[in-house]
Amino acid sequence: MLIRLLRHRLRAYGGLVAVVVVLQLVQAVANLYLPSLNADIIDDGVAKGDTGVILRLGGIMLAITLVQVASAIGAVYAGARVAMSIGRDLRAGVFDHVQTFSARELGRFGAPSLITRTTNDVMQVQTVVYMTLTIMIAAPVMLVGGVIMALRESIELSWLLVVIVPVLGALLGFAVVRLRPLFQAMQKRIDAINRIMREQIGGIRVIRAFVRDRHERERFGAANSDLMSVGLSVGRLMAFMFPTVFLIMNLSSAAVLWFGSLEIENGLGVGSLTAFLSYLMQILISVMMAVMMFMLVPRAEVSAGRIGEVLDARTTVLPPVAPVTELPRRGYLELRDVGFRYPGAADPVLRGVSFTARPGETTAIIGSTGAGKTTLLGMIPRLYDVTDGAVLVDGVDVRDLELETLWSTIGLVPQKPYLFRGTVASNIRYGKEDATDEEVWHALEVAQAASFVREMGGLDAEIAQGGTNVSGGQRQRLAIARALVRRPEIYLFDDSFSALDFATDAALRAALVPETRD
């Protein structure tokens with residue numbers, strides 16, 4: 001899934017990726033060439049006392065080092081730019097795709113999981129892209145090149161490579177097999193933490209009103225401990241891996257020096273032994289970098305799978321093949337034998353609902369809690385699609401209407417009114433961006449909200465996220481004003497007067513009558 005997710009995303013940055021590859025190859029070749037030059041300095045310069053050779057080869061080493069440094073800086077910059085761009089594109093892609101979801105898909109994933117997938121999961125993929133571009137491109141070159149150059153320095157010591165590299169490879173395979181399920185569990189635990197945090201922050205008043213602080217602390221503590229236990233398992237495995245890798249590296253160095261000293265008596269130069277040791281370290285460092293990468297890859301694969309689940313999900317509210325883009329704007333609403341069943345439910349929520357709401361009329365839908373009133377209203381703007389029957393606006397089935405056309409015809413005030421962080425004006429103009437101050441104030445007057453808005457400081461008064469700095473009744477009235485300012489043909493009020501006192505309710509209903517008849 002990780003490869004599939006990144007394949008077409010990287011195409012847009014093919015030029016930068018090519019630059020990174022070239023710079024990493026230059027850096028790797030420079031790294032491989034330096035130990036060989038150092039060996040020549042020792043064997044041909046220091047051992048023979050030839051200062052000219054030392055200065056000449058030292059100058060070449062300095063020039064190659066400068067090229068290596070410049071290549072490394074350029075590769076890291078270009079790699080970071082590609083990785084950050086991929087992260088930005090993935091976040092935007094997930095966000096844009098979620099905007100197409102119906103209420104059914106949103107309920108399937110849940111807000112906490114969608115937040116985790118858009119932030120933490122994208123970050124895991126982004127990190128792997130960055131590490132791949134800045135480390136993993138050079139690692140195979142260093143590994144293969146190091147083996148070739150080591151053999152070039154000493155065939156006799158090459159048997160050490162045959163022993164050391166497979167041992168590290170087996171260690172790498174062990175890490176990959178153990179880490180993948182742990183990282184999968186970790187992402188689910190992060191989802192749980194997000195869900196509990198959202199519930200506790202959103203329901204803080206209820207928690208305190210019913211003195212449930214201890215229960216919520218225990219619930220969060222349990223979820224936090226679950227995440228910690230998975231994290232500890234990952235940490236223990238990594239704590240085992242890295243010391244083991246360093247142990248193998250140090251034992252390898254000692255083995256090279258031990259057996260290399262015996263080969264010196266057979267004519268092996270000190271410089272060649274030093275170069276062989278350097279190449280061995282490059283080989284082991286390359287394997288260690290691969291170990292680090294393969295520790296990140298399992299988590300990134302899990303995250304990529306979770307992102308892919310969102311991107312592959314298809315909304316059940318499909319756009320029409322030949323959409324109707326214009327309506328006569330009469331505000332005529334009809335439901336014909338409408339039925340709705342949630343996926344997997346044994347019984348339908350609604351069955352055989354039929355009625356007609358004509359322009360200028362008020363139609364009340366009355367029923368007990370859970371009878372399906374909100375579900376019924378949600379099918380009119382296509383938050384859900386009917387499973388039986390049809391919903392018609394001005395004689396056109398809503399499933400044949402262009403969504404923008406349908407939504408512009410309807411003003412919905414949801415059961416739980418939500419206000420966005422900003423000002424009173426920005427929240428009201430959410431219904432109509434180009435609304436004038438006069439139109440905004442008129443909508444506030446009709447919604448019986450003008451008086452408390454003036455007390456707050458006018459249209460520029462601040463509104464907190466979710467409208468938490470105003471009362472429930474004030475939130476409802478501001479939400480009603482937001483629907484009124486767009487002057488739609490059909491108003492849908494989903495229990496939108498529940499927090500209003502009797503006098504305000506009566507005044508608002510009376511003020512609405514001429515608005516709905518215009």
Side-chain angles (χ1 to χ4, degrees), residues 21-48 53-54 56-72 75 134-172 241-242 244-294:
V21 171
V22 171
L23 291 176
Q24 290 285 23
L25 290 176
V26 171
Q27 180 186 356
V29 171
N31 272 328
L32 291 170
Y33 192 38
L34 287 175
S36 180
L37 287 174
N38 187 51
D40 291 341
I41 288 177
I42 294 173
D43 290 338
D44 299 335
V46 176
K48 297 178 180 180
V53 171
I54 296 174
R56 179 173 59 81
L57 295 179
I60 295 174
M61 287 186 69
L62 179 61
I64 292 175
T65 302
L66 293 176
V67 171
Q68 176 193 1
V69 170
S71 299
T134 56
I135 292 178
M136 279 306 294
I137 291 177
V141 179
M142 295 281 290
L143 178 61
V144 176
V147 170
I148 294 173
M149 296 299 288
L151 293 176
R152 179 173 171 269
E153 295 296 335
S154 175
I155 297 292
E156 292 78 8
L157 296 175
S158 61
W159 64 271
L160 290 171
L161 302 177
V162 178
V163 175
I164 297 166
V165 174
V167 170
L168 282 178
L171 194 64
L172 172 62
M241 289 293 298
F242 284 104
T244 304
V245 170
F246 282 115
L247 175 63
I248 292 173
M249 291 177 64
N250 291 330
L251 289 176
S252 301
S253 299
V256 168
L257 292 175
W258 177 270
F259 293 104
S261 64
L262 300 178
E263 293 297 329
I264 288 177
E265 296 178 358
N266 298 326
L268 179 67
V270 175
S272 296
L273 177 61
T274 305
F276 187 91
L277 182 60
S278 297
Y279 287 127
L280 178 62
M281 289 299 102
Q282 288 184 359
I283 293 168
L284 297 181
I285 288 173
S286 299
V287 175
M288 189 174 68
M289 289 192 296
V291 170
M292 293 174 58
M293 276 299 302
F294 280 104

Q. Measuring from Ile60:CD1 to Thr65:OG1, what's the distance to the nearest 0.5 Å?
A. 11.5 Å
Q) How far does CG of Leu23 sit from CD of Gln68, to the nearest 0.5 angstrom? A) 12.5 Å
Q) Under the 3.5 angstrom rule, does the side chain of Tyr279 hit a backbone N or O of Ile148 as a donor-acceptor pair? A)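 Not at all, since once roles are kept as given, no pair shorter than 3.5 Å links the two residues.
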Q. Within the distance-only criterion (no hydrogens, no angle test), does the side chain of Gln282 pair as donor or acceptor with the backbone N or O of Asn31 below 3.5 angstrom?
A. yes
Q.
Ignoring hydrogens, what is the shortest heavy-atom contact between Ile64 and Ala30? Give both atom names and the distance.
A. CG2-CB, 3.6 Å
Q.
Using the side chain to side chain contact (heavy atoms under 4.5 Å, CB included) definition, which of the options Ile135, Val29, Thr134, Val141 pairs with Gln24?
A.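 Exactly one pass, corresponding to Thr134.
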